[in-house]
Amino acid sequence: MIAPPNELLARIESARLWNFFHKDWLLQMRLALRGQLPGEYRVFVESEAVLVTPDGADAPAGVFVPDVSAGRSASLPPEGGGFPRGAATTAVVEADETCAIETHYTLVVRHSRDQRIVAVVELLSPSNKGLGNRLDREQHLRKRDRYLDAGINLLEIDSLLEGVRDLPPAIAALKDYERVAWTASHDDGRRRYRGWGWNARDPLPAIDWRIDPGRAVLIDLSVTLRDAVAFNDWESLAR
């Protein structure tokens, strides 16, 4: 990798390539997890399609009053059929709104005995952070709450500079860093948070994460990023 990792992440983000890149990075994390977990665990990259529309129209709606319009009278039509003269004039509003289908990917660890989800990795996308789409941000936060409420061990990685950063209150001090990652692990009825924050000149962290009672893994963000960049030559794509 020629560019420093954080500089390359910023270039991919500014080039609006994140929605293509983040699957490559998650796949490398999957390989890292697969090598550390026994056969009773299965590791998947699962996807969902999301319709992303802007919070507001780029241009105001056009309002047109037609030269001739027809409206139905509240009273019955006169004898002989037809409607009375003086039909109501109705304005017609027309507007165009850009929208796109985004595919969001989540790395999921399941126990093979019952396909129970034990751990999830969320690599945040721009729309997860409210960029251009407040509704997707709200949907992401609701999904995150469902994971936590269900006792699923979570790793969330926010390596994007733009957008709203939503952190659990327990690790709110991380908001002052340019990029963050954090884990929530559940054991014996308790939830434990751990967080990592880094800036442009800092190395990406290696995250040790308890994904199941008695089972911990290590996800080295620097190594997985390097392998993801090499796989599709993101160094050239993000120039």
Criterion side chain to side chain contact (heavy atoms under 4.5 Å, CB included) on Leu225 and Phe21, from CA distance to verdict: CA-CA 10 Å; Leu225 175 66; Phe21 167 75; 3.4 Å; yes

For Arg16 and Glu162, run salt bridge (Lys or Arg N to Asp or Glu O under 4.0 Å): C-alpha distance rounded to whole Å, both residues' side-chain angles, the deciding distance at 0.1 Å, then the answer. CA-CA 11 Å; Arg16 301 294 184 260; Glu162 298 182 74; 3.4 Å; yes

Does Asp208 form a side chain to side chain contact (heavy atoms under 4.5 Å, CB included) with Arg194? I'd like the steps, not just the answer. CA-CA 9 Å; Asp208 54 316; Arg194 296 190 69 200; 2.7 Å; yes

Could you go through the side chain to side chain contact (heavy atoms under 4.5 Å, CB included) check for Leu204 and Trp196 one step at a time? CA-CA 9 Å; Leu204 276 63; Trp196 295 258; over 6 Å; no

Give the C-alpha distance, both sets of side-chain angles, the deciding distance and a yes or no for side chain to side chain contact (heavy atoms under 4.5 Å, CB included) between Tyr41 and Asp212. CA-CA 10 Å; Tyr41 294 94; Asp212 219 6; 2.7 Å; yes

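Distance alone, capped at 3.5 Å, is enough to place a donor-acceptor pair between the Arg165 side chain and the Glu178 backbone. In this structure a side-chain-to-backbone donor-acceptor pair under 3.5 Å is present from Asn6 to Asp202. Side chain of Asp114 to backbone of Arg116: a donor-acceptor contact under 3.5 angstrom is found.
Scanning for side-chain hydrogen bond (donor to acceptor under 3.5 Å, both in side chains) contacts around Glu46 gives Arg110, with sequence neighbours left out. Scored by the side chain to side chain contact (heavy atoms under 4.5 Å, CB included) test, Arg11 finds Ala3, Glu7, Leu8, Glu235, Ala238, Arg239 as partners (sequence neighbours excluded). By the side-chain hydrogen bond (donor to acceptor under 3.5 Å, both in side chains) test, Arg215 pairs with no residue at all, sequence neighbours left out.
You'll find the side chain of Ile157 stays beyond 4.5 Å of the side chain of Ile219, heavy atoms only. Side-chain atoms of Asn19 and Pro126, non-hydrogen and from C-beta on, do get closer than 4.5 Å to each other. When side chains are defined from C-beta on, Ser127 counts as touching His104, because their heavy atoms get closer than 4.5 Å. For the pair Asp166 and His140, the minimum side-chain heavy-atom distance is 4.5 Å or more. Side-chain contact between Glu138 and Arg142 is present, with heavy atoms from C-beta onward closer than 4.5 Å.
Between Trp18 and Ser125, the shortest heavy-atom contact is CD1-CA, 3.9 Å. Closest heavy-atom contact between Leu26 and Thr106: CD1-N, 4.2 Å. Here the shortest heavy-atom pairing between Leu160 and Leu124 reads CD1-O, 3.4 Å. Nearest heavy-atom pair across Glu122 and Tyr105 is OE1-O, 4.4 Å. Listed here is the closest heavy atom pair of Leu167 and Ile171: CD1-O, 3.8 Å. In terms of heavy atoms, Trp209 sits closest to Val120 at CH2-O, 3.5 Å.
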Acceptor/donor pairs from residues 146-155 side chains to any protein atom, 3.5 angstrom cut, sequence neighbours excluded:
| from | atom 1 | to | atom 2 | distance (Å) |
| --- | --- | --- | --- | --- |
| Asn153 | OD1 | His186 | N | 2.6 |
| Asn153 | ND2 | Val118 | O | 3.3 |
| Asn153 | ND2 | Ile211 | O | 2.6 |

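Counted within 6.0 Å of CZ on Arg34, heavy atoms from surrounding residues, nucleotides or ligands total more than 12; the atom is thus considered enclosed.
In this structure, Val223 is not a member of the same hydrophobic cluster as Leu123, with clusters built from ILVMFWY side-chain heavy atoms closer than 4.5 Å. Grouping the Ile, Leu, Val, Met, Phe, Trp and Tyr side chains by contacts below 4.5 angstrom, directly or via other members, places Leu27 apart from Phe231. Linking ILVMFWY residues whenever their side-chain heavy atoms come closer than 4.5 Å, directly or via other members, places Leu9 and Phe20 in the same cluster. Cluster membership check: Val164 does not share its hydrophobic cluster with Leu131, using side-chain heavy-atom separations under 4.5 Å among Ile, Leu, Val, Met, Phe, Trp and Tyr. Leu141 and Tyr193 fall into different hydrophobic clusters, defined by Ile, Leu, Val, Met, Phe, Trp and Tyr side-chain heavy atoms under 4.5 Å apart, directly or through other members.
Within the structure, no pair that satisfies the salt bridge (charged side-chain N to carboxylate O under 4.0 Å, His left out) test touches residues 35-44, not counting sequence neighbours. Residues in residues 20-30 take part in these side-chain hydrogen bond (donor to acceptor under 3.5 Å, both in side chains) pairs, two or more places apart or across chains: Asp24-Asn232, Asp24-Trp234, Trp25-Thr224.
The side-chain contact (heavy atoms from CB on, under 4.5 Å) test with Pro205 singles out one residue from Val180, Leu221, Asp220, and that residue is Leu221. If you run side-chain contact (heavy atoms from CB on, under 4.5 Å) between Val43 and each of Leu107, Leu31, Val121, Val108, only Leu107 comes through.
In this structure, NZ in Lys129 is found 13.0 Å from CG in Asp136, a value given to the nearest 0.5 Å. Separating the CZ atom in Arg179 from the OG atom in Ser159 is a distance of 6.5 Å, to the nearest 0.5 Å.
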